[in-house]
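Please read the structure below before turning to the comments.
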Amino acid sequence: MSKLPRRRSKSRASRTWRVAQIVPLVAVVGCVALLTSGRRFLPSIVYQPPSPEIEQLAMATAMTPEAQQLFYQQDPEIIPKHNFQTQCNKSNHAPEKTIILGCYSSNGYRGKITIQSVVDDRLEGTMEVTAAHEMLHAAYHKLSAAERAWLAPRLKAARQWVSEPRLLALIEQYEDGDPEVYLNELHSYLGVELADLKDPELEKHYQKYFVDRDRVVALAQKSQSKLNEIEERAGQLKPEIEDLEASLKEEAIRIRELSDDLKSRAQILEQMEADLTNLRQQAEASLWRGDRSLAFEFEQATISYNHEVNDYNFQVQTHRDRIDRFNEEVEIYQQKIDDYNELVQTGRSILSTLEVDRSVETLPAVSP
């Protein structure tokens, strides 16, 4: 299908993953641009039947028959990663650190849903959730002004029950932006990812689109489970590493101080040994003269010296044991660092299966 020049203004919503700072903290985000008003003469549109892969996405997310038809009418398409950027690039409304998973666009009378192909088993459920997310963008686009006004306070109230850090961080990025974009995003995110809306009327609204909304929420949780597991473990390791590092630094200082003290004691013992040798020579000379006073002094000095030597040797052994324990702690510390780095690398490898070059300009929408 060839690309034609832009003829009308369009709306665009995308589902993306936000990259975090430690191990990738991932969030699903989307963005929309408002349509301009104006009269349109709508041509007759012929919709192609969905592919088995697209039908599977609709069935897996428990879309109602009406939602399935809405989804299929947006000409949904699964695009390989290497081609995805030409169909669905970053919108001006999206957060800066994002990996795009899908988008919905409309030129006013025909919509288009594009979903990035995800083949990594560790991200199972991602395409299904993306499909449901974009379908809800298409649904919101078709709502009347009165319906949107009815939804607005309910969506904002339900947003207060979001506690999951990833989703919460994502939603907060939209709160100070375009109010209509914010509500559009809330409509998709809450409908797909918030298990308990605590509003029967809002749940009833989503029943128009999902036979069992719990199924798509479970898929959303599943799609994030591996990355959440990585992030949780990394979150546990990081303070452990920091605490152990601080403890090892303190212990290293103490070991150096004790080593210096033992060196000083060794020098004192060397001097005592030299004095004892000299005293022994003097005592032996005195004995030849019949004087036993220095012999008694030598015996007392020998007892004192041996006591100091025994205590020194005990301190040396204690010090060596302490060094052994320190080295064991260093090995544990290094293993924790290796484990942490492996988690980071695993998280990056998962995200690398999704990330595309977003420097490419977004192409015009496909004209019917």
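The structure presented is a predicted model; accordingly, all values stated were derived computationally and were not measured. Side-chain atoms are counted along with the backbone in the values below, which use heavy atoms only and exclude waters and symmetry mates. All residue numbers refer to positions in the sequence shown, counting from 1.
E172 places no side-chain N or O within donor-acceptor distance of the main-chain N or O of A169, the cut-off being under 3.5 Å. A donor-acceptor distance shorter than 3.5 angstrom exists from the side chain of K112 to the backbone of D75, with no hydrogens or angles considered. With Q68 contributing its side chain and M63 its backbone, the two residues share a donor-acceptor pair below 3.5 Å. T61 contributes a side-chain N or O that, together with a main-chain N or O of A58, makes up a donor-acceptor pair within less than 3.5 Å. Checking side-chain atoms of E134 against main-chain N and O of Y104 turns up a donor-acceptor pair under 3.5 Å. Under a 3.5 Å cut-off, the side chain of R325 and the backbone N or O of R320 do not form any donor-acceptor pair. Of the possible polar contacts, one joining the R213 side chain to the A195 backbone as a donor-acceptor pair under 3.5 Å is found. Under the 3.5 Å distance criterion, the side-chain polar atoms of N310 are matched with a main-chain donor or acceptor of N306. Not a single donor-acceptor pair under 3.5 Å links the side chain of S223 to the backbone N or O of E124. With hydrogens and angles disregarded, a donor-acceptor distance shorter than 3.5 Å links the side chain of T64 to the backbone of K208.
If you look at H141 and H137, their ring centroids are not closer than 6.0 Å.
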Open item on the list: Using the rule given for side chain to side chain donor-acceptor pair (under 3.5 Å), can you reason through Q315 versus T318, listing the C-alpha separation, both sets of side-chain angles and the distance that settles it, and then say yes or no?
Closed with: CA-CA 5 Å; Q315 294 299 327; T318 299; 5.1 Å; no
- [ ] Please assess E232 against E229 for the test side-chain contact (heavy atoms from CB on, under 4.5 Å), listing each intermediate value before the final yes or no.
- [x] CA-CA 5 Å; E232 181 179 359; E229 176 187 333; 5.7 Å; no
Open item on the list: Under the criterion side-chain contact (heavy atoms from CB on, under 4.5 Å), I'd like the reasoning laid out for D261 against E257: C-alpha separation, chi angles, the key distance, then a yes or no.
Closed with: CA-CA 6 Å; D261 182 60; E257 291 175 345; over 6 Å; no
- [ ] Report the C-alpha separation of D339 and Q335 in whole Å, then their side-chain angles, then the decisive distance to 0.1 Å, and conclude whether the side chain to side chain donor-acceptor pair (under 3.5 Å) test is met.
- [x] CA-CA 6 Å; D339 291 345; Q335 184 60 55; 2.9 Å; yes
Open item on the list: Applying side-chain contact (heavy atoms from CB on, under 4.5 Å) to I255 and I323, what does each step give before you reach the verdict?
Closed with: CA-CA 7 Å; I255 286 174; I323 290 174; 4.0 Å; yes
Open item on the list: Using the rule given for side-chain contact (heavy atoms from CB on, under 4.5 Å), can you reason through T126 versus L219, listing the C-alpha separation, both sets of side-chain angles and the distance that settles it, and then say yes or no?
Closed with: CA-CA 8 Å; T126 298; L219 281 169; over 6 Å; no
TODO: Might you work through the salt bridge (charged side-chain N to carboxylate O under 4.0 Å, His left out) test for K249 and E245, ending with a clear yes or no?
DONE: CA-CA 6 Å; K249 286 181 178 179; E245 181 177 356; 3.5 Å; yes
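Classification of E251 and R322 as a salt-bridged pair holds, one side-chain N sitting under 4.0 Å from a carboxylate O. Residues R280 and E284 are paired through a salt bridge, judged by an N-O separation under 4.0 Å between the basic side chain and the carboxylate. Between R148 and E180 there is a salt bridge, since a side-chain N of the basic residue sits under 4.0 Å from a carboxylate O of the acidic one. Under the 4.0 Å criterion applied to side-chain N and carboxylate O atoms, E250 and R254 are not assigned as salt-bridge partners. Remark: K238 engages E242 in a salt bridge, criterion side-chain N to carboxylate O under 4.0 Å.
Screening L136, D199, V162 for a side chain to side chain contact (heavy atoms under 4.5 Å, CB included) involving L190 leaves a single residue, V162.
No more than 12 heavy atoms of other residues, nucleotides or ligands sit less than 6.0 Å from atom CG of D176. In D324, the CG atom is crowded: over 12 heavy atoms of neighbouring residues, nucleotides or ligands sit closer than 6.0 Å.
Clustering of Ile, Leu, Val, Met, Phe, Trp and Tyr by side-chain heavy atoms under 4.5 Å joins L279 with L262, I268, L269, M272, L276, L294, F298, Y305, V309, Y312, V316. Counting Ile, Leu, Val, Met, Phe, Trp and Tyr side chains that sit under 4.5 Å apart, directly or through other members, I253 stands alone, with no cluster partners.
The list of ring pair (Phe, Tyr, Trp, His ring centres under 6.0 Å) pairs with a residue in residues 209-256, not counting sequence neighbours, reads H205-Y209.
Between Q300 atom CD and E297 atom CD the span is 9.5 Å, to the nearest 0.5 Å. Note that the CD1 atom of I230 and the NZ atom of K226 stand 5.5 Å from one another [nearest 0.5 Å]. Going from atom NZ of K336 over to atom CG of D243 covers 10.0 Å, rounded to the nearest 0.5 Å. Between the OG atom of S51 and the OH atom of Y72 there is a distance of 9.0 Å, given to the nearest 0.5 Å. Distance check, rounded to the nearest 0.5 Å: CE of M135 to CD of Q69 gives 12.0 Å. For the atom pair L351 CG and L227 CG, the distance stands at 5.5 Å (nearest 0.5 Å).
In the hydrophobic cluster analysis, where Ile, Leu, Val, Met, Phe, Trp and Tyr join through side-chain heavy atoms closer than 4.5 angstrom, F326 is grouped together with I337. Both L168 and L186 are assigned to one and the same hydrophobic cluster, defined by single-linkage of ILVMFWY side chains at heavy-atom distances under 4.5 Å. Note on M59: it does not cluster hydrophobically with I54, by side-chain heavy-atom contacts below 4.5 Å among ILVMFWY residues. Hydrophobic cluster membership is shared by L123 and V344, with clusters built from Ile, Leu, Val, Met, Phe, Trp and Tyr side chains linked at under 4.5 angstrom. Hydrophobic clustering (ILVMFWY, side-chain heavy atoms < 4.5 Å, transitive): V330 and Y340 are in one cluster.
When all heavy atoms are compared, the tightest approach of L197 to L202 is CD1-CG, 4.0 Å. Of all the heavy atoms in T346 and S349, the pair that sits closest is O-OG, 2.7 Å. Contact between A220 and E193 at its shortest, heavy atoms only, is CB-CG, 3.9 Å. Of all heavy-atom pairs spanning E329 and L244, the tightest one is OE1-CD1, 3.3 Å. Taking each heavy atom of H319 and S259 in turn, the nearest pair found is NE2-OG, 2.8 Å. A pairwise comparison of heavy atoms in A60 and E128 identifies CB-CG, 3.8 Å as the closest pair.
Here the side chains of Q281 and T277 are in contact, with some heavy-atom distance below 4.5 Å. Side-chain atoms of I115 and L57, non-hydrogen and from C-beta on, do get closer than 4.5 Å to each other.
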Enumerate, atom names and distances included, each donor-acceptor pair closer than 3.5 Å involving a side-chain atom of residues 150-160, sequence neighbours excluded.
residue, atom, partner, partner atom, Å
R154, NH1, W150, O, 3.1
R159, NE, E175, OE2, 2.4
R159, NH2, E175, OE2, 2.9

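Side chains of N341 and Q345: a donor-acceptor N/O pair is absent below 3.5 angstrom, by distance only. Residues N313 and Q317 bring no donor and acceptor atom of their side chains to less than 3.5 Å of each other. Donor-acceptor pairing under 3.5 Å is recorded for the side chains of D338 and Q334.
Annotation: ring-ring contact (aromatic ring centres under 6.0 Å, His included) contacts of Y206 (sequence neighbours excluded): H187. In this structure E308 satisfies the salt bridge (charged side-chain N to carboxylate O under 4.0 Å, His left out) test together with R265, sequence neighbours excluded.
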